[in-house]
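Structure incoming, see below.
Here the structure is a predicted model, which means the values were calculated and not measured.
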Amino acid sequence: MPKLPSSPVSMSDIAIEAGVSESTVSRALNDNKLISVKTRKKIQAIAREMNYKFNESARSLRLQRSHTVSVVINSEQGAGQSFSDPFMMDLIGSIADELSRHKYDLLFSSSIVARQDWHAYLLGSRRADGVIVIGQGKSDLPLRELHKLDDPIVVWGGTLEEDTPYCIVGSDNILGGRQATDHLIGLGRRRILFLGDIQHAEINTRYQGYLNALRSAGLETHQRHIDTTFSIDGSYQCVVNMLAREGLTFDAVFAASDNIAMGTIKALQQKNYTVPGDVSVVGFDDIPIAPFLTPALTTVRQNVHLGGEILVRKILTLIDTDESTTSEMLPTELVVRGSCGANPSYNPADDLRHSKVYEARNHRSG
């Protein structure tokens, strides 16, 4: 049924008539060059036929700049991830440094802002010009909805599906999972436990790398994973409970984050198991404290400093030019220290020298 003359025509109405998305209608009405000339003319003609009233004042408000970018941690309550997480602090710090270089401010938005309110709270109110979201969460529907609204959004994530509409920057988590598991297999470990909540996209891709390595070694029947939160205390309690139920049934752990690895090592040591003697442990992230733990933590390094720079570069492209930007995955690197048993004479000073070379090399390539 056609709308009554008194009913205002919305972009949704035009999108239905044209058979396109609302974001395409928005871009076409703003004469965005990302939309083909033919499609722009078709949508603009439909808008005229439907007597669509373009809200110039709203457009002017939308184009006003706050020179602020919001950073949101996309994590469910109880998942154990927060601003105080060492990995988060490292990544957010690199984002803040890069934003400052471009004379932009950072607005950190806590998890009290519900996902369905991101648009209204951050962008509709002009608190921020764009949003960097850390984590795809267990469902990326809110991110897809933000993209549909034509909001500038870039996500630190781990899964690139063919139909993912928004820009993702992240580490090659499948490669990292494979590197960690191949290393443990190479050390003669066969009962390798994966610890992490695989409902999260990034953790699931690390798990896929773990499975790929087991299959290649003919150890797929030994695969096992236990869900746990991202927090040190959550993973500690998880491992304590598991050891109480069944004793030591594994000889290695691939922990989906360094926090999980730290909780695991503490639980094993408390039960008088040795790391790496009884159990080899490999983490993921390479947080700043990793070289100084006892034993020093073997882990998969994410280049968060380069990642922060790329996140900022891409969000500013979306804000300043309204042009699309492509997703980008960064390589990971296995850092061998003491917790796996392969580098018992590890010295943190060696790693500090190496990290400077690594960062300089990747900065040049980026």
Side-chain angles (χ1 to χ4, degrees), residues 68-100 104-115 117-119 121-123 127-147 151-160 164 166-173 176 196-197 199-206 229-231 256-260 284-288 300-316 318-319 325 327-330 332:
T68 299
V69 169
S70 177
V71 172
V72 177
I73 296 178
N74 184 16
S75 180
E76 293 78 8
Q77 188 171 9
Q81 274 190 312
S82 67
F83 178 75
S84 60
D85 183 303
F87 172 77
M88 293 294 180
M89 292 180 69
D90 210 14
L91 180 57
I92 293 169
S94 68
I95 292 170
D97 289 342
E98 188 65 12
L99 283 172
S100 177
Y104 265 76
D105 293 325
L106 181 149
L107 170 65
F108 180 74
S109 301
S110 72
S111 58
I112 62 169
V113 181
R115 288 166 179 75
D117 294 338
W118 285 350
H119 171 79
Y121 181 80
L122 298 172
L123 298 165
R127 285 180 172 86
D129 299 327
V131 181
I132 294 174
V133 180
I134 301 178
Q136 288 172 274
K138 293 183 177 180
S139 168
D140 72 344
L141 183 60
L143 305 178
R144 292 173 181 267
E145 292 300 320
L146 272 182
H147 180 79
D151 288 333
I153 172 177
V154 178
V155 180
W156 175 267
T159 299
L160 273 175
T164 301
Y166 50 85
C167 175
I168 297 176
V169 177
S171 298
D172 187 338
N173 290 285
D197 187 350
Q199 292 187 65
H200 288 267
E202 286 179 89
I203 305 306
N204 188 271
T205 45
R206 292 168 198 176
T229 66
F230 289 95
S231 68
S257 76
D258 287 349
N259 271 4
I260 295 173
F284 202 107
D285 289 334
D286 195 27
I287 59 176
V300 176
R301 175 179 288 154
Q302 301 194 77
N303 194 341
V304 294
H305 301 292
L306 179 58
E309 292 176 15
I310 295 174
L311 284 166
V312 170
R313 187 164 72 227
K314 290 183 181 293
I315 194 66
L316 294 185
L318 293 174
I319 291 169
T325 184
S327 296
E328 189 166 344
M329 291 290 112
L330 306 177
T332 55

(message) Rounded at 0.5 Å granularity, tell me how far CD in Gln199 sits from CG in Asn204.
(response)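 These two atoms lie 9.5 Å from each other.
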
(request) For the residue pair Phe230 and His200, categorise the inter-ring angle as parallel (less than 30°), tilted (30 to 60°) or perpendicular (more than 60°). (result) perpendicular

(message) Quick check: closest heavy atoms across Val304 and Asp90, and the distance to 0.1 Å?
(response) CG2-OD2, 3.3 Å

(request) Report the distance from atom CD1 of Ile310 to atom OG1 of Thr325, rounding to the nearest 0.5 Å. (result) 10.0 Å

(message) Check whether Ser70 reaches the backbone of Val131 with its side chain - one donor and one acceptor, N or O, closer than 3.5 Å.
(response) no

(message) Restricting to non-hydrogen atoms, name the atom on Lys314 and the atom on Cys167 that form the minimum distance, rounded to 0.1 Å.
(response) CD-SG, 3.5 Å

(request) Can you see which heavy atom on Ser94 is nearest to which on Leu91, and at what distance? (result)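 Closest approach of Ser94 to Leu91, heavy atoms only: OG-O, 2.7 Å.
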
(message) For Thr68 versus Leu106, what's the shortest heavy-atom pair and its separation?
(response) CG2-C, 4.4 Å

(request) Kindly indicate whether the side chain of Phe284, heavy atoms from C-beta on, has any atom under 4.5 Å from the side chain of Thr332. (result)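 Contact flag for Phe284/Thr332 side chains = yes.
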
(message) Once rounded to the nearest 0.5 Å, what's the spacing between atom CD1 of Ile153 and atom CD1 of Ile315?
(response)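 It is 7.5 Å, given to the nearest 0.5 Å.
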
(message) Working to the nearest 0.5 angstrom, can you tell me the gap between Asn259 CG and Phe87 CZ?
(response)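 Result: 11.0 Å between the selected atoms.
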
(request) Return the minimal non-hydrogen interatomic distance between Ile260 and Thr229, and the atom names on each side. (result)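 The pair with the smallest heavy-atom distance is CG1-O, 3.5 Å.
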
(message) Could you tell me if the side chain of Ile132 sits less than 4.5 Å from the side chain of Val69, heavy atoms only?
(response) yes

(message) Tell me if a side-chain donor or acceptor on Asp285 pairs with a main-chain N or O of Ser257 at a distance below 3.5 Å.
(response)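 No, because the side chain of Asp285 does not come within donor-acceptor range (under 3.5 Å) of the backbone of Ser257.
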
(message) Any non-hydrogen side-chain atom of Ile319 less than 4.5 Å from a side-chain atom of Tyr104?
(response)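 Yes, at least one pair of side-chain atoms sits under 4.5 Å.
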
(request) Would you name the heavy atoms of Gly158 and Gln136 that are closest together and state the gap between them? (result) N-OE1, 2.7 Å

(message) Please report the interatomic distance NE2(His305) to CG(Leu330), rounded to the nearest 0.5 Å.
(response) 12.5 Å

(message) A side-chain contact here means heavy atoms from C-beta on lying under 4.5 Å apart; do Asp97 and Glu309 qualify?
(response)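 No, their side chains stay 4.5 Å or more apart.
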
(request) Determine, stepwise, if the pair Trp156 / Gln302 fulfils side-chain contact (heavy atoms from CB on, under 4.5 Å). (result) CA-CA 12 Å; Trp156 175 267; Gln302 301 194 77; 3.4 Å; yes

(message) If I take atom CG from residue Asn173 and atom CZ from residue Arg206, how far apart are they, to the nearest 0.5 angstrom?
(response)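 Answer for the CG-CZ pair, Asn173 versus Arg206, is 4.5 Å.
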
(request) Only one of Ile92, Leu311, Val155, Asp85 passes side-chain contact (heavy atoms from CB on, under 4.5 Å) with Ile134; say which it is. (result)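 Looking at Ile92, Leu311, Val155, Asp85, the match for Ile134 under the side-chain contact (heavy atoms from CB on, under 4.5 Å) is Ile92.
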
